[in-house]
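What follows is a set of notes on a single structure, which appears directly below.
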Amino acid sequence: MPGIDGLRALAVLAVIAYHLYPGRAPGGLLGVGIFFVLSGYLITDLLIAEWRREGRLNLKSFWLRRFRRLLPAMLVLLSAVAAWIWLADRSRLPSLQGDFLAALAYVSNWWLVYREVSYFESFGPPSPLGHFWSLAVEEQFYLLWPLLLALGLRLQLRRGWLAGAMLLGASASAAAMALLYEPGADPSRIYYGTDTRAFGLLIGAALAVVWPSGKLSAGTSVRVRRIVDWAGTAGLFAILLMIGLSSRYDTFLYRGGFVLLSLAAAVTVAALAHPSGHLGRIMGCRPLRWLGVRSYGIYLWHYPVIVLSSPAAGTDGISLTRAALQLTVTIGLAALSWTFIEEPIRRGGMNAWGTQLPGRYRKRHLKPDMRWAVPALLLLFFCVSCLGENPQPTAAPNALLAKGSERNIAPAPAPQPDQGSGTGPVSETPGTGADEADESAEVAEAAEVAPPASPEDGPEEAGKGITAIGDSVLLGTAAHLEKLLPGIVVDGKVGRQLAQAQEVADRLRSEGKLGSRVIIELGTNGAFAKKQLESLLRSLADAERIVLVNTRVPRPWEGTVNGMLKEASGRFANTTLVDWHAASAGKASFFAADGVHLNAEGSEYYASLLAKAVRKPQSPK
């Protein structure tokens, strides 16, 4: 079934695109859903074929084949990642110990759901093993599903009843996802849970019952071939459309979208499995098939390569050069894994592999031009890692963040006239010439919006009637805002979500602290529902001005958050947008190591942008 390999290639390329640029390819995560349907179909198809041939299932043999196919390549990957981190930054190894153990035990998905991660760890460098969650879901399926299928086969259920039972289980899984999903809340429990993602595997399994590959014949009528091809093409088009339009934080996905993807994938798999279809021959073209055969290794290697060679802040935007190098390294390592580990062990087992590699196998496969493959890939990966390095921040983040504090700031006392209300000196950063002058000019221009006030101007009034509600990013700039806008009320809390903003606004209103001009800086900690944002803005309809601040956070929800804030700022007349994401582009020196929180220089610049926006006359819409 060469077309199946082509679909594998499409799925893994979609996942890679998502991990390279989640803001530009947010629907690439659906590639995992395609893999689930494929796994459910292929594994169930093999097991049913064995039952019909042998009259029983040899579960021990099945599990040994699965482990022999999956474990060796995974162990090599884990060893390579551990060695690289030990050489590059061994201080990270203790924090990654749980990730390694969870990967070995195939429970990474539940580890991600239930482990207690502190706020600052969640914004630290991402784990290079974060993608193991889907492998864990599939391995749990491989362990449990043969037992359940054997029970159903022993009961001699008819094919329709057996498929119906599987679809009933898929319906229960999909219902659990829909019921547990809460718009605006973190969907990780639902996204990673075996119970809430099992429907993709079960839909694939049901397809194997009603559409077994061993009973599909090439000698079908033209009409049947056309129906197969048209159905498969429609399914493939639906997959591509959803990949292009979906995002992990779309309510639609959790209320039926993932199920729709699984059904479209099942229809496509059915067409690709049929030997008479033209679609199977197209999807089975040599380049796609080559990638599809090696898709397991590509999936294993792509995420560690991307994570370990990408900058933390990523303020320079998309780097096509770095992406091309990362993709080259990934495919190269996967090809080596397939040639020297996966294929020989799959065919001959560990004992045969151990004797073949140093002798006959090495002579057969290790051609002279391949002797340089490993060092060349290592050198290339080192170069990619160098591309991902960021300048070190000139100062640590605000000490308030280190304490993980919550701060509700009453109007600050006005500065003495002889002290002014400036923000202090800007930290010096490396750089000379025009670039340095341009950055200095930008900071100076932004700071001009809040010049030192004279006694006649009444400096204590500068921030009166202004309220700022936000999370730790706002909290870290509070001192600078107080100097620029004396009298401002700042309510910041570490880890705050936009869903909590309504409660904060109501409390401040009841305390008489909600001003006529409101700054809302939220979205750093996760996405939110469109209705939540609209409800908040409607509750502030009597405000003279609302300033929304978008975010720069190297996490998948960045694009979703910024898109909703931009849309809302254009629809509500009293609302304006501060585009922090654009203003911070190319300014890696403003950020702490996590690429989110700001050092002294970045905090000063950030505060000046907010002050300018909140004091600038509102333009009519």
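Y299 and H302 have tilted rings, their planes meeting at an angle from 30° to 60° on a 0 to 90° scale. Using cut-offs of 30° and 60° on the angle between ring planes, the pair Y142 and F62 is perpendicular. Ring geometry for W211 against H274 counts as tilted: the plane angle lies between 30° and 60°, on a 0 to 90° scale.
Formation of a donor-acceptor pair under 3.5 Å by the D5 side chain with backbone atoms of W290 is not found in this model. In this structure a side-chain-to-backbone donor-acceptor pair under 3.5 Å is missing from T330 to I298. Under the 3.5 Å distance criterion, the side-chain polar atoms of W557 are matched with a main-chain donor or acceptor of G523. A donor-acceptor pair under 3.5 Å is absent between the side-chain atoms of E50 and the main chain of L57, judged by distance alone.
In this structure the side chain of I48 reaches within 4.5 angstrom of the side chain of L149, judged on heavy atoms. Side-chain atoms of P187 and M177, non-hydrogen and from C-beta on, never get closer than 4.5 Å to each other. Taking 4.5 Å as the limit, some side-chain heavy atom of F67 sits within range of a side-chain heavy atom of E139. Using a 4.5 Å heavy-atom threshold, the side chains of R286 and R289 count as separate. Under the 4.5 Å side-chain criterion, counting only non-hydrogen atoms from C-beta, S246 is in contact with L253. Within the 4.5 Å cutoff, the side chain of Q140 has no heavy atoms near those of the W145 side chain. Taking 4.5 Å as the limit, some side-chain heavy atom of Y106 sits within range of a side-chain heavy atom of L70. The shortest distance between side-chain heavy atoms of F528 and L565 falls below 4.5 Å.
Residue R65 qualifies as enclosed at atom CZ: its count of foreign heavy atoms under 6.0 Å is above 12. Within 6.0 Å of CZ on R154 lie no more than 12 heavy atoms contributed by other residues, nucleotides or ligands. Atom CH2 of W230 has 12 or fewer neighbouring heavy atoms from other residues, nucleotides or ligands inside a 6.0 Å radius. Sparse packing is recorded around CZ of F237, with 12 or fewer heavy atoms of other residues, nucleotides or ligands lying under 6.0 Å away.
For the atom pair L201 CG and L144 CG, the distance stands at 11.0 Å (nearest 0.5 Å). Remark: L325 CG to S319 OG distance equals 8.0 Å, nearest 0.5 Å. To the nearest 0.5 Å, the span separating CG on L46 from CZ on R66 amounts to 7.5 Å. Between M1 atom CE and L216 atom CG the span is 8.5 Å, to the nearest 0.5 Å. Separating the CG atom in L202 from the CG atom in L167 is a distance of 8.5 Å, to the nearest 0.5 Å. To the nearest 0.5 Å, atom CE of residue M166 and atom OG of residue S171 are 13.5 Å apart.
The two residues A266 and L207 come nearest to each other via the heavy atoms O-CD2, 3.3 Å. A pairwise comparison of heavy atoms in W338 and P344 identifies O-CD, 3.8 Å as the closest pair. The minimum heavy-atom distance linking A198 with S173 is given by the pair N-OG, 3.3 Å. Smallest separation of non-hydrogen atoms from S127 and L96: OG-CD2, 3.7 Å. The two residues S295 and F35 have their closest heavy-atom pair at OG-CE2, 4.2 Å. L261 approaches I34 most closely through the heavy-atom pair CD2-N, 4.4 Å.
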ring-ring contact (aromatic ring centres under 6.0 Å, His included) for Y191 and W133? Distances and angles first, verdict last. CA-CA 10 Å; Y191 186 78; W133 75 269; 5.0 Å; yes
Do V81 and F100 pass the side-chain contact (heavy atoms from CB on, under 4.5 Å) test, and can you show the C-alpha distance, the side-chain angles, and the key distance before you say yes or no? CA-CA 10 Å; V81 170; F100 279 96; 3.9 Å; yes
Could you walk me through whether R197 and S262 pass the side-chain contact (heavy atoms from CB on, under 4.5 Å) check? CA-CA 10 Å; R197 295 305 298 265; S262 300; over 6 Å; no
Take L104 and L75, measure what side-chain contact (heavy atoms from CB on, under 4.5 Å) needs, and give me the verdict at the end. CA-CA 8 Å; L104 284 170; L75 292 175; 3.5 Å; yes
Criterion side-chain contact (heavy atoms from CB on, under 4.5 Å) on V137 and Y192, from CA distance to verdict: CA-CA 8 Å; V137 171; Y192 295 131; over 6 Å; no
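Checked against salt bridge (Lys or Arg N to Asp or Glu O under 4.0 Å), R294 has no partners two or more places apart in sequence or in another chain.
Relative to the ring axis of Y181, R255 does not place its NZ or CZ within 45° and under 6.0 Å from the centre.
No salt bridge links D229 with R226; every basic N to acidic carboxylate O contact stays at or beyond 4.0 Å. We find that R346 and E343 are joined by a salt bridge, their nearest charged nitrogen and carboxylate oxygen being less than 4.0 Å apart. Between D195 and R189 a salt bridge is recorded (basic side-chain N to carboxylate O distance below 4.0 Å).
The side chain to side chain contact (heavy atoms under 4.5 Å, CB included) with L129 is formed by just one residue from the set L135, L78, L112; it is L78.
Between H131 and H19, the gap from one ring centroid to the other reaches at least 6.0 Å.
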